[in-house]
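Notes to accompany the following structure.
Note on naming: letters A, B, ... go to the chains in the order of the sequence lines (proteins, then strands), and numbering restarts at 1 for each one.
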There are 2 protein chains.
Amino acid sequence: MKIGELSRVTGTNIETIRYYERIGLLPAPDRTAANYRSYGDAHRSRLSFVRHSRELGFTIEEIRSLLDLSDDPARDCGEADRIATAHLEQVEAKIAQLGLLRDELTRIVGRCRGGVAADCRVIEALGDHSRCGSQH
Amino acid sequence: MKIGELSRVTGTNIETIRYYERIGLLPAPDRTAANYRSYGDAHRSRLSFVRHSRELGFTIEEIRSLLDLSDDPARDCGEADRIATAHLEQVEAKIAQLGLLRDELTRIVGRCRGGVAADCRVIEALGDHSRCGSQH
DNA sequence: ATGCACCCTGTAGCAACTACAGGGTCAAGC
DNA sequence: GCTTGACCCTGTAGTTGCTACAGGGTGCAT
């Protein structure tokens with residue numbers, strides 16, 4: 001299949017597919033006589049792997065490591081688990097951090113009583129960290 | 001005060017301060033005879049406002065709008081409240097999305113039973129979106 | 001006078017794309 | 001047989017919010 005179809009079946013921007021090839025995440029496919037990229041099923045499933053991992057928030061470098069692992073079926077699987085576990089911990093940390101942020105934003109918004117900016121509690125609160133309940 | 005001191009009192013990287021000046025978020029300060037930037041208290045509090053807002057996740061453009069508001073004390077405060085409320089909604093959406101991600105990562109990790117990559121459940125799960133419980 | 005901390009400008013790099021500009025290819029319809 | 005339009009190509013530059021130099025100047029103490 002050509003790049004447009006691969007783009008449609010994987011829900012990936014065409015430019016992004018070429019970008020992944022450029023950075024070596026996807027192997028360069030064969031070309032047609034007209035120099036068009038020609039993809040097979042292996043490309044499709046590799047790209048799906050990449051997209052799914054990206055949606056889960058893995059970085060390109062993490063995905064590279066995971067792909068290296070899956071390219072070498074004899075290697076130890078524990079590494080994949082370590083990468084995923086570390087990533088899960090990061091996600092949990094991010095959730096906790098955003099929770100604090102939400103609390104503070106909640107404290108800040110809704111204080112507006114329709115006055116002018118000079119009396120604005122929102123602007124005041126943004127300028128003054130000292131009243132924050134938490135460190136961020 | 002010179003840029004190094006402003007950097008210390010606000011906890012901002014020197015390069016970042018110059019960057020904010022370049023993009024017009026901070027006004028260009030006076031210069032000493034030796035062409036060193038010389039800041040006053042107004043700069044300090046404006047930079048604190050910017051840093052606090054960035055820590056709360058506001059974008060540079062949102063901060064620019066908030067600063068425009070606070071620079072013009074006669075303007076309607078409702079705009080500041082709208083920006084902050086919209087941002088709060090984004091933070092809440094992000095928390096919800098990360099929650100789904102965490103659930104899925106939790107489902108994926110810890111399945112490793114010490115085998116080889118060919119049998120790796122983690123790698124398998126990453127390649128196969130169809131088993132995900134949620135859309136992401 | 002020489003070492004060191006500090007300051008300056010300008011440019012390039014990071015992640016992970018996205019968006020052109022400026023061209024080539026191919027099948028369908030007139 | 002010629003045009004139209006959808007598709008493809010390469011290469012480069014833009015995005016966000018910084019950060020990191022390179023290559024130089026300044027100010028003060030020893």
- Spell out, as yes or no, whether a donor-acceptor pair under 3.5 Å connects the side chain of A:His87 to the backbone of A:Arg82. no

- Side-chain (B:Glu62) to main-chain (B:Thr59) donor-acceptor, under 3.5 angstrom: yes

- Taking side chain to side chain donor-acceptor pair (under 3.5 Å) as the test, write out the residues that go with B:Thr10, two or more places apart. B:Thr12

- Task: Specify the separation, in whole Å, of atom CD of B:Glu55 and atom P of D:dG17.
- Result: 15 Å

- Note on the structure: Whole-Å distance, B:Ile63 CD1 to D:dT16 P, equals 13 Å

- Divergence of helical axes at both termini of the helix from C:dA1-D:dT30 to C:dC30-D:dG1 - five pairs an end, 10° steps: 30°

- Base, sugar-phosphate alone, or nothing: which one does A:Thr59 contact when heavy atoms must sit under 4.0 Å apart? sugar-phosphate

- What nucleic acid atoms does A:Arg51 come within less than 4.0 Å of, heavy atoms only: base, sugar-phosphate, or nothing? sugar-phosphate

- Is A:Arg64 salt-bridged to A:Asp71, going by a charged N under 4.0 Å from an acidic O? no

- Task: Could you name each residue pair satisfying side chain to side chain donor-acceptor pair (under 3.5 Å) that touches residues 18-28 of chain B, not counting sequence neighbours?
- Result: B:Tyr20-B:Arg51, B:Glu21-B:Arg37

Test item: [X] and [Y] side chains (from C-beta on) under 4.5 Å apart, heavy atoms:
X        : Y       : value
A:Ser7   : A:Asn13 : no
A:Glu104 : B:His52 : yes
B:Pro27  : B:His43 : yes
B:Ile123 : A:Phe49 : yes

- What are the two closest non-hydrogen atoms of B:Val50 and B:Leu25, and how far apart are they? CG1-CD2, 3.8 Å

- Task: Mind checking the CD-OG spacing from B:Glu5 to B:Ser38? Nearest 0.5 Å is all I need.
- Result: 10.0 Å

- Look up atom CD in B:Gln97 and atom CZ in B:Arg102, then write down how far apart they are to the nearest 0.5 Å. 12.5 Å

- Relative to the 5' end of DNA chain C, which residue comes earlier, A:Ile60 or B:Lys2, by the nucleotide with the nearest heavy atom? B:Lys2

- Nucleic acid contacts - residues 35-45 of chain A versus DNA chain D, non-hydrogen atoms under 4.0 Å: A:Asn35, A:Tyr36, A:Arg37

- Item | Interface residues of residues 16-28 of chain A with DNA chain D (non-hydrogen, below 4.0 angstrom) | A:Arg18

- Query: On DNA chain D, nearest-nucleotide positions of B:Phe58 versus B:Ala33: which is more 5'?
  - Reply: B:Phe58

- For A:Arg31 and D:dC8, is the shortest distance between a side-chain N/O and OP1 or OP2 below 4.0 Å? no

- If you walk 5' to 3' along DNA chain C, what is the first nucleotide with an atom under 4.0 Å of a heavy atom in chain A, and what is the last? C:dA16 to C:dC26

- Common cluster, A:Tyr36/A:Leu47, ILVMFWY with side-chain heavy-atom separation under 4.5 Å: no

